[in-house]
Amino acid sequence: MILAVDTETTGTDYWHGCRPFLITMCDGQHNYHFQGTVDPYDRGSITYTQEDKKEIQRLLDEAQVLLFHNSKFDLHMLEEYGFKINHLWPKIQDTIIAHHCLSSGESHALKYLAFKYMDYDNKDEELLEVAVKQARISNKDFDIARAGHHTFPGLSAGERIKWWKMDYWLCPEECITYGLSDVERTWGLWSIFYAALTDLDLIHQYKVRMQLVQIAYKMEKVGYHIYTEDIKDEIAYLKDLQEGLIVQIRKETGLVGDFDPNKPEHLSRFLFNVLELTPTQFTEARGTPSLAKGAIEELIRENETVKALQLFQRYKIAGTQIGYLNSYLKWTCANDRIHSNVFITGTRETRQAYRDPNLQNIDKRLRHLFGPDNGYVWLDFDLVNIELRIWVYQVGNKELVAAFNKGESVHLLIAKQLYPTEYAACEASNTPFNKRYKDTLYQWVKNGNFAIIYGATERKADETYRLKGAYSLIAKRFPEVPAYTTSVIQEMWDNFEEYHWPHVTCLGGYKLDVPTDEPFVACNYKIQGSAGWIIGEAMVNVTKDPMYLSSNAKLIQQVHDSLVIEVKEENHSQELVDSIKKSIEAAGLKYIPTCEASYEIIKNTQVPF
DNA sequence: TGCCAGCGCGCG
DNA sequence: AAAGCGCGCGCTGGCA
């Protein structure tokens, strides 16, 4: 029996007390629903009858296939409520994961898909929306969803939140229709998607991605440890710094009156009236001095000696950092851990995304505020040059391939081509080019190389290399480079013609949609998608690694080309590190001739109490 | 006040 | 004919 399951909940943050108040199921013949009673004055408190609880667990246990649309979410909800879910993993299927395999570039929203593939209308959702919005108005004394509520502390007023969606519980009757419709949708879509996956020979790719769901589930559960007190100190420090900077700016410039550098009018007055800078760029619409990023950068560049501008820049950086840190604090649980959502289908390729909060974009200057808890060590592995490496082997130029095979730098090889004179001078004086020109020529070469991988053609590549004619030099010396870009775009068009599906196939066999109106992205999708696939397989390998298992190590973070693993101090050994390193590299070696993982050991920097 | 779009910025 | 990719999130300002 294939049983589709869905939960309706009092919010999305199960780590802070949001809970399921309605569980619906559909086995293709019958629908089931189990309604909990929400305490209207304490939305986190929900009770089901003993019989219902038993029946829910029985149905979960006895189904042959358990089907979800976004299984990770519902399973967390069920588990946090008290149901046993650990033994269910082998029979779990997920229509979101399936649909991403089939249609990576499209929306995976349940209603959208059900309408598209089954003509299933959205009346249930429309009715529920009206009812809930009405109920929120007429039940103001209830514990309705609002910014700052303790069951979703991370969601704040300014964000793009539809609060009414958290209050479905106000309309239990409409919810039953809605919840049952969702499991019918899910059940129906699965038979369509499963057939398509089989037809297209994508079952293997789907299964690997399903393994990632379980891995991500565990990662989310362990969480990412932060040093809460340090974060608070840092916020206080940055706020002081900002205040001091404003005082300095006032002293420096004689500025009086309101000054909020975040407000365009204030900023404009500051730059062009107080500092009396000469505007270099103007807005198209009104012809006023431009405050765009580029324009401000130009002003700062052209007025190096204006101290107030430097102070202003520092103020802006501090402001961004305060925003990040405040958000981390809001999401932090009592154990000083953040349980972000690892979003497997969060990108148009095979990468993963993080939400609530995003832990893939932590400011490097703030990294020290995260680290292992007392008694733990973090092992931070990095797949060295993974995208460049994949690209080089795909391009297949002999020299470039040889560079990687010998462990030499491809960036330097290209630098030598673009700057022969400077390169020769470096060699003559025994100064490495990448040291001598670390922040200039070498950095620009690296930037340009990545631009090409990302699909840049002549104009943009030259601009990024900061060298006119760079692209044509490279094309001449490495003719396989432009040929590769062309061939990947051609692959997309060929697939469009043959299968009416414009896509490229990555290493690992995963197929990625390429929008026909942006064919130039094909190359990047293929490279990034292949790298994403490899890191995914690395995660699978690591979590099956015998040393990883026997050391009770835990994968806790993935940032595209890096994996962080947490292990108890007493279980940390060189043998463990070597074994994991090998497991990670094996994922790459399955598809390309070389693969290297580097690592760093991160210890607890906190002074023990 | 809520909603939306645009922009900027952090990471890879 | 021309085209540098992928994310999440906070802030601002316009609009109802």
Side-chain angles (χ1 to χ4, degrees), chain A residues 104-105 133 136-137 146-147 154-164 260-267 283 285 290-297 313 316-328 330-331 340-367 382-383 385-388 391 447-465 471 485-486 488-489 504 512 514-532 535 557-563:
Chain A
S104 58
K133 283 183 170 168
R136 272 165 64 89
I137 294 165
R146 58 174 195 279
L155 308 181
S156 54
E159 289 173 46
R160 300 161 208 217
I161 305 293
K162 289 179 172 156
W163 294 102
W164 60 270
D260 179 351
N262 296 316
K263 292 212 188 303
E265 314 95 84
H266 291 204
L267 182 55
T283 58
S290 171
L291 297 172
K293 183 188 145 100
I296 299 216
E297 276 170 358
Q313 219 175 7
K316 292 289 282 184
I317 291 170
T320 305
Q321 293 180 327
I322 291 169
Y324 275 69
L325 294 175
N326 274 329
S327 149
Y328 297 142
K330 281 191 294 185
W331 288 107
S340 293
N341 172 17
V342 183
F343 190 16
I344 303 291
T345 54
T347 71
R348 266 161 277 195
E349 13 82 351
T350 56
R351 278 184 169 189
Q352 294 151 41
Y354 268 62
R355 284 203 299 213
D356 302 336
N358 183 357
L359 290 181
Q360 289 180 318
N361 71 340
I362 299 171
D363 190 322
K364 284 174 172 164
R365 294 160 294 193
L366 302 174
R367 286 268 168 90
D382 203 283
L383 273 171
N385 278 336
I386 185 65
E387 287 191 5
L388 184 67
W391 179 74
N447 294 348
N449 293 346
F450 281 109
I452 291 186
I453 296 175
Y454 292 157
T457 44
E458 187 153 10
R459 187 192 61 81
K460 192 72 187 179
D462 284 3
E463 191 184 313
T464 312
Y465 278 116
Y471 188 79
T485 309
T486 313
V488 177
I489 295 171
V504 291
L512 295 176
V514 176
T516 49
D517 55 347
E518 293 174 281
F520 57 92
V521 302
C523 187
N524 178 250
Y525 276 31
K526 186 152 174 148
I527 301 297
Q528 215 183 86
S530 297
I535 196 83
Q557 199 198 23
Q558 186 263 51
V559 192
H560 311 309
D561 62 358
S562 82
L563 295 177

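Because only heavy atoms are used, hydrogens play no part in the values below, and waters and symmetry mates are left out as well, while side chains stay in. Note that this is a predicted model, so its numbers are computed, not measured.
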Would you say A:Arg351 reaches C:dC5's phosphate, i.e. side-chain N/O to OP1/OP2 under 4.0 Å? no

Could you measure the distance from the CD1 atom of A:Ile535 to the CG atom of A:Asp561? Nearest 0.5 Å is fine. 6.5 Å

Side-chain N or O of A:Tyr354 closer than 4.0 Å to phosphate OP1/OP2 of C:dC7: no

Round to the nearest Å and state the distance from A:Asp356 atom CG to C:dG10 atom P. 9 Å

Would you say a side-chain N or O of A:Arg365 is under 4.0 Å from OP1 or OP2 of B:dG10? yes

Minimum-distance nucleotide to A:His560 side chain [options: B:dC4, C:dG6, C:dG8]: C:dG6

Nearest-angstrom distance from the residue atom CZ of A:Phe343 to P of C:dC9: 10 Å

A:Leu325 CG to B:dC9 C1': how many Å, rounded? 14 Å

Contact class for A:Arg146 vs. all strands (heavy atom < 4.0 Å): base, sugar-phosphate, or nothing? nothing

For A:Gln360 and A:Gln558, test the side chains for any donor-to-acceptor distance below 3.5 angstrom and give the result as yes or no. yes

Looking at B:dG12, I'd like to know if its phosphate oxygens (OP1 or OP2) sit under 4.0 Å from a side-chain N or O belonging to A:Lys364. yes

Spacing of the C1' atoms in B:dG12 and C:dG4 (rounded, Å): 14 Å

Grab the CH2-P distance between A:Trp163 and B:dG2 for me, whole Å please. 9 Å

Among residues at least two apart in sequence or on other chains, which ones pass ring pair (Phe, Tyr, Trp, His ring centres under 6.0 Å) with A:Phe520? none

With a 4.0 Å limit, can you tell me whether A:Ser327 has a side-chain N or O closer than that to the phosphate oxygens OP1/OP2 of C:dG10? yes

Base, sugar-phosphate alone, or nothing: which one does A:Pro357 contact when heavy atoms must sit under 4.0 Å apart? sugar-phosphate

How long is the straight-line distance from CG of A:Asn524 back to CD of A:Glu387, given to the nearest 0.5 Å? 7.0 Å

NA contact type, A:Tyr324, heavy-atom cut-off 4.0 Å: base, sugar-phosphate, or nothing? base

How would you label the contact of A:Ala353 with the nucleic acid (heavy atoms, under 4.0 Å): base, sugar-phosphate, or nothing? sugar-phosphate

Intra- and inter-strand pairs of DNA chain C in dot-bracket (Watson-Crick or G-U wobble, both distances under 3.5 Å; | for another strand): ....||||||||||||

Could you work out, with ring pair (Phe, Tyr, Trp, His ring centres under 6.0 Å) as the rule, every residue matching A:Phe343, not counting sequence neighbours? none

Gap between atoms CG and C1', on A:Asp363 and C:dG8 respectively (whole Å): 15 Å

From the list C:dC7, B:dC4, C:dA3, which nucleotide is the closest neighbour of the side chain of A:Lys162? B:dC4

Could you tell me the separation between the CD1 atom of A:Ile527 and the CZ atom of A:Phe450, rounded to the nearest 0.5 Å? 11.0 Å

What's the spacing between A:Trp331 CH2 and A:Asp356 CG if we round to 0.5 Å? 4.0 Å

Starting at CD1 of A:Ile344 and ending at P of C:dG6, how long is that distance when rounded to a whole Å? 19 Å

So for A:Asn358 and C:dG8, does any side-chain atom that can act as donor or acceptor lie under 3.5 Å from a complementary atom in the base? no

Measure the CD1-CD1 distance between A:Ile322 and A:Ile317 for me, rounded to the nearest 0.5 Å. 12.0 Å

Looking for any heavy atom pair under 4.0 Å, which part of the strands does A:Ile362 touch: base, sugar-phosphate only, or nothing? sugar-phosphate

Tell me the interatomic distance from A:Leu388, atom CG, to B:dG12, atom P, rounded to whole angstroms. 16 Å

Figure out the CZ/P separation between A:Phe520 and C:dA2, and round it to whole Å. 13 Å

Using a cut-off of strictly less than 4.0 Å, decide whether A:Arg348 has a side-chain nitrogen or oxygen near OP1 or OP2 of C:dC5. no

One pair to check against side-chain contact (heavy atoms from CB on, under 4.5 Å): A:Gln321 and A:Leu366. What are the steps and the verdict? CA-CA 8 Å; A:Gln321 293 180 327; A:Leu366 302 174; 4.0 Å; yes

Given DNA chain C, 5'-ward residue of the pair A:Tyr525 and A:Ile489, judged by closest heavy atom: A:Ile489

